[in-house]
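Below is one structure, written out as structure tokens; comments come after it.
None of the values given here were measured: they were computed from a predicted structure. Throughout, a chain's letter reflects where its sequence line sits, starting with A, and its residues are numbered from 1.
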Protein chains: 2
Amino acid sequence: MGHVSETSREWPRPKIRPRKAEVRNDQIFEAAARLFYEKGYAATSLQDLAGAVGLKKGSLYYYIDSKKDLLFAITDYAHRFFVELTENAKAEGGTPLQTLERMLFQHARFAAEHFHVTAAFYNERPTLSDAYQERIVATRDAYEASLRRLVRSGQEAGEFAADLDSRLAVFGVLGMINWIHQWYRPEGTLSPSEIATALSRQAVRSLMPRTDAG
Amino acid sequence: MGHVSETSREWPRPKIRPRKAEVRNDQIFEAAARLFYEKGYAATSLQDLAGAVGLKKGSLYYYIDSKKDLLFAITDYAHRFFVELTENAKAEGGTPLQTLERMLFQHARFAAEHFHVTAAFYNERPTLSDAYQERIVATRDAYEASLRRLVRSGQEAGEFAADLDSRLAVFGVLGMINWIHQWYRPEGTLSPSEIATALSRQAVRSLMPRTDAG
DNA sequence: ATTATTTTCTAACGCTCGGTAGGTCGTACG
DNA sequence: CGTACGACCTACCGAGCGTTAGAAAATAAT
């Protein structure tokens, strides 16, 4: 060490003044997410993307280094959300049912608010590098494991039906949430929060025991 | 009419002898479904597909007319299933709950048994021609409408919770089923039928009223 | 007004893709 | 034996792709 980041530390004076590059960066990010959602990563050309933000395709390289970087940025946005959600899982109090419903609510609200990003996250994973895929899968597995733990705790507490296969049950509730990006449209009548409230409630209901069972 | 199918009726002699072309056709269909599932349609080259069936890419055109034909064949396989499932919806007897659970079971079993096809059906719809997309969307809408009708009937009969938004509720149960292709692996311990039984039961449970509600 | 810097464009590159044309080889049939 | 056909291959085309280099234009600094 010692010579590291020598170049990037040069003149660390604060970048005042809103640089145009930053707003363009956001434009490009959002347009890319929308196009990847609409046509898929491979079927979206940089020509398409450049046109969507009012540039020529060569000019995009002033902002990005490669096409894959765009997919990485979008995917990582969702990835960081799930890391955080999983970490906060244990911090929250309440019964297993309450904790589970709260986590699913947050998950569902994110899925609706960022349905472009979520769709790309789930549809384009095979396109990512193997190393990054492994990190994502590890995060997903940890998330699912924490949900399974909640289901089993709820079963022991009698909140959830005892005859459920916790693995299958978690796949079920996750499907309810992760399917949102297939039908959600921002111009609809229900807000992301309202959708998240209804779906997370329906999800935990699918785990409850039937009181009239025999 | 009268001149219709004049050309196709010429020499209707039966094609005896198992033509090699037919087994190859099936090989190509299945390999294409698997590759589209694994890498996506746009990211799958005909080179990849040819290699997967032990041919050179030019030879594929002995069996197909274009790459899009492959996606159409795969998509239409799922499409025809949903058409049939919707048509059989009213034919079946029983309470709304029983009918709904039976439909979801069939849907779920198909989704697991043909998860390659199902994944392509949902992920690659934007790739299809506009005219065919419209037919698929119409079929899907009819299917969802018949499910919503069952939910509302069940609500009137007291089988389902009265405070459910039938549209949201149907999206929820469909998500549980349509998510199967994201996690199902044929080498797992549960068969498609077992998965379909558990998930369709969990789905209808998510609609039931809580008896201890207040 | 002149110079620096940031942003965009033009023009081209190497490559891969889907698709085509024509030939080759084996097998079955007359 | 020969010929007809099914199955496959080789070689190629044009187009579009991601990416690069360098000039031009716009904007800011001096």
Side-chain angles (χ1 to χ4, degrees), chain A residues 7-8 10-29 31-33 35-36 38-75 120 124 126-129, chain B residues 10-11 13-33 35-36 38-75 120 124 126-129:
Chain A
T7 60
S8 68
E10 234 175 356
W11 295 332
R13 43 177 155 180
K15 305 254 182 178
I16 342 168
R17 191 186 321 278
R19 299 177 48 207
K20 202 177 181 185
E22 296 183 0
V23 48
R24 269 276 196 247
N25 246 309
D26 290 351
Q27 278 181 31
I28 292 172
F29 178 92
L35 287 170
F36 293 171
E38 287 173 0
K39 324 174 28 165
Y41 172 81
T44 300
S45 72
L46 293 182
Q47 202 104 246
D48 296 332
L49 177 59
V53 295
L55 289 178
K56 305 293 181 177
K57 73 167 176 172
S59 312
L60 284 177
Y61 282 81
Y62 182 72
Y63 299 96
I64 67 174
D65 288 336
S66 78
K67 192 189 179 189
K68 301 207 122 182
D69 288 356
L70 285 166
L71 184 58
F72 178 84
I74 293 165
T75 303
E124 307 293 349
T127 315
L128 298 164
S129 74
Chain B
E10 229 175 0
W11 292 335
R13 44 180 152 175
K15 305 254 182 176
I16 343 168
R17 188 185 324 275
R19 300 176 49 208
K20 202 179 180 186
E22 297 182 0
V23 48
R24 271 278 196 240
N25 245 309
D26 290 351
Q27 279 180 30
I28 292 173
F29 178 93
E30 282 167 26
L35 287 170
F36 293 172
E38 286 172 358
K39 323 175 28 166
Y41 172 80
T44 300
S45 72
L46 294 182
Q47 203 104 246
D48 295 333
L49 177 58
V53 295
L55 290 178
K56 305 293 180 179
K57 76 163 179 174
S59 312
L60 283 178
Y61 283 82
Y62 183 73
Y63 300 96
I64 67 174
D65 287 335
S66 76
K67 191 189 177 186
K68 301 208 121 178
D69 287 356
L70 285 166
L71 184 57
F72 178 84
I74 292 166
T75 304
E124 307 294 349
T127 315
L128 298 165
S129 74

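A/Leu35 has its CG atom 12 Å from the P atom of D/dG18, to the nearest Å. One can place CG of B/Leu55 at 11 Å from P of D/dA7, the figure rounded to the nearest angstrom. In this entry the distance linking CG of B/Asp69 with C1' of C/dG18 reads 12 Å, nearest Å. One atom, NZ of A/Lys56, and another, C1' of D/dT19, lie 18 Å apart when rounded to the nearest Å.
Taking only side-chain nitrogens and oxygens, A/Gln47 comes nearer than 4.0 Å to OP1 or OP2 of D/dC17. For A/Arg24 and C/dT8, the shortest distance from a side-chain N or O to OP1 or OP2 is below 4.0 Å. Proximity of B/Ser59 to the phosphate of D/dA7: no side-chain N or O atom is located under 4.0 Å from OP1 or OP2. Put simply, B/Lys67 has a side-chain N or O that comes within less than 4.0 Å of OP1 or OP2 on C/dG18. For B/Tyr61, a side-chain nitrogen or oxygen approaches OP1 or OP2 of C/dG19 to under 4.0 Å.
When every heavy atom of B/Ala43 is checked against every heavy atom of B/Asp48, the shortest pair comes out as O-OD2, 4.0 Å.
Remark: the backbone N or O of B/Phe72 is not paired with any side-chain donor or acceptor of B/Thr75 at under 3.5 angstrom. Proximity of a side-chain donor or acceptor of B/Lys57 to a complementary backbone N or O of B/Ser45 within less than 3.5 Å is not detected.
Summarising the local packing, CG of A/Asp65 is surrounded by 12 or fewer heavy atoms from other residues, nucleotides or ligands at distances under 6.0 Å.
Taking every side-chain heavy atom of B/Tyr62 into account, D/dG6 is the closest of C/dA12, D/dG6, C/dT8.
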